[in-house]
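Working notes, beginning with the structure itself.
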Amino acid sequence: MKKIIKFIIFIISLVCLILLIVYINKSKPEKDTIKIKMEKHKIENLIIEIPTDFKLDSTDEENHIVYYNYNDKELENTCIVMIGYKDKYTDDMEKEAKDNIFVTGSYNVEVKNINNQAWTLVSLKHNVKTLYYSYATSYKDKIYNVKYEDLGIGDYCDTVYKKIFKTIKFEE
C-alpha cells in the first residue's frame, strides 16, 4: 500500500512539473525576427553594406571619411559607423585602428580575415554596454578604416554589427 501511495505521489509530482514547464515556455515572449534590409555603399575601392535604416550623418570629403548612424526612438540602440581611407604611409595597422577609438582602456587586438582580406581589429568594451570596434587594413596603397560604435543597451546594434562586417570587401 505504501508503494502505491508513493507511486501516485510521484506521478502527480511529475505531471505538475511537466505542466509547470509547459506554462513557463508558453509565457516566454516570442523573439522578434528582425528583417534587416541592407544597401551597398562604395568608398574608394571598399564596398560595404549598411542597413537602410542607418542615415548618412556627415561626410568629410577632404579627409575621405563618411559617417552613418542609427538611433531608435527610445535610444536603446545607438550605432555609428565611420568609414574612411587615406594614403598608406605605415604598415602598423594596429596603431591605425587604435587611433580611431577616442577612449582609453584595455584593448583587444586580433587579425580577422574578411572576404579574403586581413583586417586588424581593435575592440574595447568601455562600460557595461558601450563597445567600440575599429578595423584597419591596407589595399592598393591606401589605408582603410571602419569603426563601429555600439552605444545603446539594446541588442539591435550588435546584430547589425555582425551583418555589416560580413559584407566588407574590395572591388577587384
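Treat the numbers as computed from the prediction; the structure is a model and nothing was measured.
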Practice task
Determine the interplanar angle of the Tyr70 and Phe54 rings, folded into 0 to 90°, and report it as parallel if under 30°, tilted if 30 to 60°, perpendicular if over 60°.
Solution key: parallel
Handout entry: Pair Tyr156, Asp53: side-chain N/O donor-acceptor within cut-off below 3.5 Å
Key = yes
Completion exercise
Here the gap from Glu149 atom CD to Phe102 atom CZ, rounded to the nearest 0.5 Å, amounts to 8.0 Å
Exercise for the section: Report yes or no: do Val66 and Tyr139 belong to one cluster of Ile/Leu/Val/Met/Phe/Trp/Tyr joined by side chain heavy-atom distances under 4.5 Å? Expected result: yes
Exercise for the section: Could you tell me whether the side chain of Thr59 and the main chain of Glu61 form a donor-acceptor pair under 3.5 Å? Expected result: no
Handout entry: Common cluster, Ile101/Tyr161, ILVMFWY with side-chain heavy-atom separation under 4.5 Å
Key = no
Completion exercise
One should read off an interatomic distance between Glu76 CD and Ile153 CD1, to the nearest 0.5 angstrom, of 4.5 Å
Exercise for the section: Would you mind reporting whether Leu124 and Asn108 have side-chain heavy atoms less than 4.5 Å apart? Expected result: no
Handout entry: Check against side chain to side chain contact (heavy atoms under 4.5 Å, CB included), Tyr133 and Leu121
Key = CA-CA 7 Å; Tyr133 303 95; Leu121 165 61; 4.0 Å; yes
Practice task
Might you point out which heavy atoms bring Lys125 and Leu131 nearest each other, and give the distance in Å?
Solution key: CG-CD2, 3.5 Å
Practice task
I would like to know whether Glu62 and Ile65 meet side chain to side chain contact (heavy atoms under 4.5 Å, CB included); could you show each step before the answer?
Solution key: CA-CA 8 Å; Glu62 184 178 315; Ile65 298 173; over 6 Å; no
Exercise for the section: Mind checking the CG-CD spacing from Leu46 to Gln117? Nearest 0.5 Å is all I need. Expected result: 9.5 Å
Practice task
Please confirm whether the backbone N or O of His64 pairs with a side-chain atom of Asp60, one donor and one acceptor, at under 3.5 Å?
Solution key: no
Handout entry: Greater than 12 external heavy atoms within 6.0 Å of Lys166's NZ
Key = no
Exercise for the section: Heavy atoms only: give me the nearest Val160-Pro51 pair and the separation to one decimal. Expected result: CG1-CG, 3.3 Å
Exercise for the section: Taking all non-hydrogen atoms of both residues into account, name the closest pair between Ala97 and Ser134 and its distance. Expected result: O-OG, 2.7 Å
Problem - Heavy-atom donor-acceptor pair, Asp150 side chain to Thr130 backbone, under 3.5 Å - result: no
Handout entry: The single option from Lys142, Glu44, Lys140 passing side chain to side chain donor-acceptor pair (under 3.5 Å) against Tyr85
Key = Glu44
Practice task
Please indicate whether Asp141 has more than 12 foreign heavy atoms, meaning atoms of other residues, nucleotides or ligands, lying under 6.0 Å from its CG.
Solution key: no
Practice task
Consider only side-chain heavy atoms of I, L, V, M, F, W and Y, link residues closer than 4.5 Å, and tell whether Val81 and Leu151 are in one cluster.
Solution key: no
Practice task
Answer yes or no: is there a donor N or O on one side and an acceptor on the other, between the side chain of Thr137 and the main chain of Trp119, under 3.5 Å?
Solution key: no
Exercise for the section: State whether a side-chain donor-acceptor pair under 3.5 Å links Thr120 with Glu94. Expected result: no
Exercise for the section: Check whether the side chains of Tyr89 and Glu96 place a donor and an acceptor atom closer than 3.5 Å, and report yes or no. Expected result: yes
Exercise for the section: Check whether any side-chain heavy atom of His41 lies under 4.5 Å from a side-chain heavy atom of Tyr68, and answer yes or no. Expected result: yes
Handout entry: Exceeds 12 heavy-atom contacts within 6.0 angstrom, atom CG of Asp155
Key = no
Handout entry: N/O donor-acceptor pair under 3.5 Å between Asn115 side chain and Ile168 backbone
Key = yes
Practice task
Check the hydrophobic clustering (I, L, V, M, F, W, Y; side-chain heavy atoms under 4.5 Å; chains of links allowed) and say if Ile143 and Phe170 are grouped together.
Solution key: no
Problem - Connected via hydrophobic side-chain network under 4.5 Å: Leu56 and Met82 - result: no
Exercise for the section: Answer yes or no: is there a side-chain heavy-atom contact under 4.5 Å between Ile83 and Ile48? Expected result: yes
Problem - Trace of the side chain to side chain contact (heavy atoms under 4.5 Å, CB included) decision for Thr78 with Asn69 - result: CA-CA 7 Å; Thr78 300; Asn69 71 32; over 6 Å; no
Fill in the blank from the handout: Output for pair (Ile47 CD1, Thr167 OG1), nearest 0.5 Å, gives 9.5 Å
Exercise for the section: List the steps and the verdict of side chain to side chain contact (heavy atoms under 4.5 Å, CB included) for Lys163 and Met38. Expected result: CA-CA 9 Å; Lys163 287 186 76 76; Met38 305 290 278; 4.2 Å; yes
Completion exercise
Taken to the nearest 0.5 Å, the spacing of Lys147 NZ from Asp99 CG works out to 11.0 Å
Problem - Pairwise side-chain contact, Met93 with Ser138, heavy-atom cut-off 4.5 Å (strictly under) - result: yes
Handout entry: Near-ring test Tyr148/Tyr132, centroid separation under 6.0 angstrom
Key = no
Exercise for the section: With rounding to the nearest 0.5 Å, note down the distance linking CG in Asn100 to NZ in Lys98. Expected result: 13.0 Å
